[in-house]
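This is the structure I have questions about; it appears just below.
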Protein chains: 2
Amino acid sequence: MARAKIEDERKEQILAGFEACVIRNGLAKTTLQKVADEVGLPRSLVRYFVGNRDSMVDLLIERMIERGEATLATAERDGEVSTLSDLIDTIFTVTFDDETSNNVVGELWYLAQRDGAIRSRLADMYSRITDALVVQMTAEEIGPGLAEREDVAQALLSLAYGEASFTDIGLKKPNSISSRRLADALIYELATASKT
Amino acid sequence: MARAKIEDERKEQILAGFEACVIRNGLAKTTLQKVADEVGLPRSLVRYFVGNRDSMVDLLIERMIERGEATLATAERDGEVSTLSDLIDTIFTVTFDDETSNNVVGELWYLAQRDGAIRSRLADMYSRITDALVVQMTAEEIGPGLAEREDVAQALLSLAYGEASFTDIGLKKPNSISSRRLADALIYELATASKT
DNA sequence: TCCATTCTTGTCATCTTTGAAAAGAATGGG
DNA sequence: CCCATTCTTTTCAAAGATGACAAGAATGGA
């Protein structure tokens, strides 16, 4: 054999630095050199471990999406989401309440407009959430049918995402009626729709 | 005197080309040269009329925000928004249904995270919308108080923005219950809140 | 010890973008 | 016709970022 591999740790270290740079200066202004400075390595080592810039961006996206999915999966596995209400809570207070993730996702969002690969990764991530919502709605027999449940799930996601976006750039005003309660209103609308 | 000024037309021409480039390739990848190619002028002329790159971005933002505000102002002036329902319609089907604007706003959004000037311009633009909503809710005596109306207005904005964002990157599924109807559910929730 | 593998350093050439400025052409009035 | 103002062309230098690679050092086992 040969020298022990430290590739994984280095990658993690570099991506963490990359993320810090992106949050501080934005994706467009983050260069390989700045990432290198951030983690205290020469640029050539950064290249050695994460490849070229595009490849580095890909890895960051991977990281973000895995983190998002892990959040939801963990909550589900730990039995913290036994009801629809729990699930919505999780989405509003965990998934869309992680400032770091929101910040980076915001950066990635516009890349998705032109990059099909990123777009499908984001689509996967978010459909994981809507799927979970629909499953729970179905279990609790809310709404007349699948299509309506999917629409409400989409609306809940939009509401949470929109609110996170406004919060992200500091445009959100303090709440007295929480969005969480308004989310319930959407569910209520769906529930009554089944009787109309 | 001297030669007639064509500054305004040139600026408009250049900004339109800039916008086209941004929509096609994204803000980060849009260079002065590409804008110049787009409008068929040498780069030096672009610089002559819109200054350096930062200045050009500022002008684009100005343009976007003026356009957004003009849309709402026009609808109000033409008496197309006499009811709350009309106003919500306008917001959902006009303000957040302009693909071009959404696309560019999406590009600008992440700049706002670090640029206070852009942020306050966006804040102005969106508070114009929430203000209009609150005024109309007040006129129709919906909801118990100002705070609640503001929250619902904010939620409506978040919903519309979130939905526009998902649509923008092509992640939105077809609707059977429209977001518009779900928006009504939010209003309904507010209306009943006054009696609870 | 020797070797294959893995990591690290340092340097180079190239490409792109930008900012700047000189010099010339067009235009409308005096 | 002349001149001030405005627009246009052309060219240059500097900065920044990237990709590539050669050469060396560290490591763990045979």
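First the proteins, then the strands, lettered A, B, ... as listed; each starts at 1. Keep in mind that the numbers below use all heavy atoms, side chains included, and drop hydrogens, waters and symmetry copies.
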> Given B:Arg47 and B:Arg53, is the side-chain contact (heavy atoms from CB on, under 4.5 Å) satisfied, shown in steps?
Replying inline: CA-CA 8 Å; B:Arg47 286 219 58 213; B:Arg53 195 179 185 284; over 6 Å; no

>> Within the supplied structure, the quantity of interest is the number of heavy atoms (other residues, nucleotides, ligands) at a distance under 6.0 Å from B:Glu140 CD; does it exceed 12?
In response: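 Check passes, neighbour count above 12.
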
> Any sub-3.5 Å donor-acceptor pair from A:Arg149's side-chain atoms to A:Ile142's backbone N or O?
Replying inline: yes

> How are the rings of A:Tyr161 and B:Tyr161 set to each other: parallel, tilted or perpendicular (split at 30° and 60°)?
Replying inline: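 Parallel, since the angle between the ring planes stays under 30°.
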
>> From C-beta outward on B:Lys34, which listed nucleotide comes closest to its side chain: C:dT17, C:dT6, D:dG19?
In response: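 Closest nucleotide to the B:Lys34 side chain: C:dT17.
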
> What's the NZ-C1' distance between B:Lys29 and C:dT16, to the nearest Å?
Replying inline: 14 Å

> Starting at the 5' end of DNA chain C, which residue's closest nucleotide do you reach first, B:Thr30 or B:Ala4?
Replying inline: B:Thr30

> Hey, what's the ring geometry for B:Trp109 with A:Phe166, parallel, tilted or perpendicular (30° and 60° as the breaks)?
Replying inline: perpendicular

> How would you list, by chain and number, every residue that makes a side chain to side chain contact (heavy atoms under 4.5 Å, CB included) with B:Asp86, sequence neighbours excluded?
Replying inline: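 B:Val81, B:Ser82, B:Thr83.
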
> If you check every side-chain atom of A:Arg53, which of C:dT8, C:dT6, D:dT18 has the closest atom?
Replying inline: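 Looking only at side-chain atoms, A:Arg53 lies closest to D:dT18.
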
> Over how many whole Å does the gap from A:Ile6 atom CD1 to D:dT27 atom P extend?
Replying inline: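 Whole-Å distance recorded here is 10 Å.
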
>> How many whole angstroms separate atom CG of A:Leu45 from atom P of C:dT9?
In response: 5 Å

> In whole angstrom, what separates A:Asn52's CG from D:dG19's P?
Replying inline: 5 Å

> Within the structure shown, what part of the strands sits under 4.0 Å from A:Leu41 by heavy-atom distance: base, sugar-phosphate, or nothing?
Replying inline: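 Nothing: the residue A:Leu41, judged by heavy atoms under 4.0 Å, touches no strand.
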
> Which part of the nucleic acid does A:Phe49 contact within heavy-atom distance under 4.0 Å: base, sugar-phosphate only, or nothing?
Replying inline: sugar-phosphate

> Given D:dA17, C:dC7, D:dG19, which nucleotide is nearest the side-chain atoms of A:Leu32?
Replying inline: D:dG19

>> In whole Å, I'd like the distance from the CG atom of A:Asp37 to the C1' atom of D:dA17.
In response: 13 Å

>> For the CZ atom on A:Arg119, are there more than 12 heavy atoms of other groups (residues, nucleotides or ligands in this structure) within a distance under 6.0 Å?
In response: yes

>> For B:Gln33, is there any backbone N or O sitting under 3.5 Å from a side-chain donor or acceptor partner on B:Arg43?
In response: no

> Between A:Asp54 (CG) and D:dA17 (P), how many Å, whole number?
Replying inline: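 Answer to the nearest Å: 16 Å.
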
> Can you give one letter per nucleotide of nucleotides 20-26 of chain D, going 5' to 3': B for a protein heavy atom under 4.0 Å from the base, S for sugar-phosphate only, - for none?
Replying inline: B----BB

> Hey, is A:Glu19 close enough to A:Arg24 for a salt bridge, meaning N to O under 4.0 Å?
Replying inline: no

> Going by heavy atoms closer than 4.0 Å, what residues in residues 7-15 of chain A are next to DNA chain C?
Replying inline: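 Here the set is A:Glu7, A:Arg10.
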
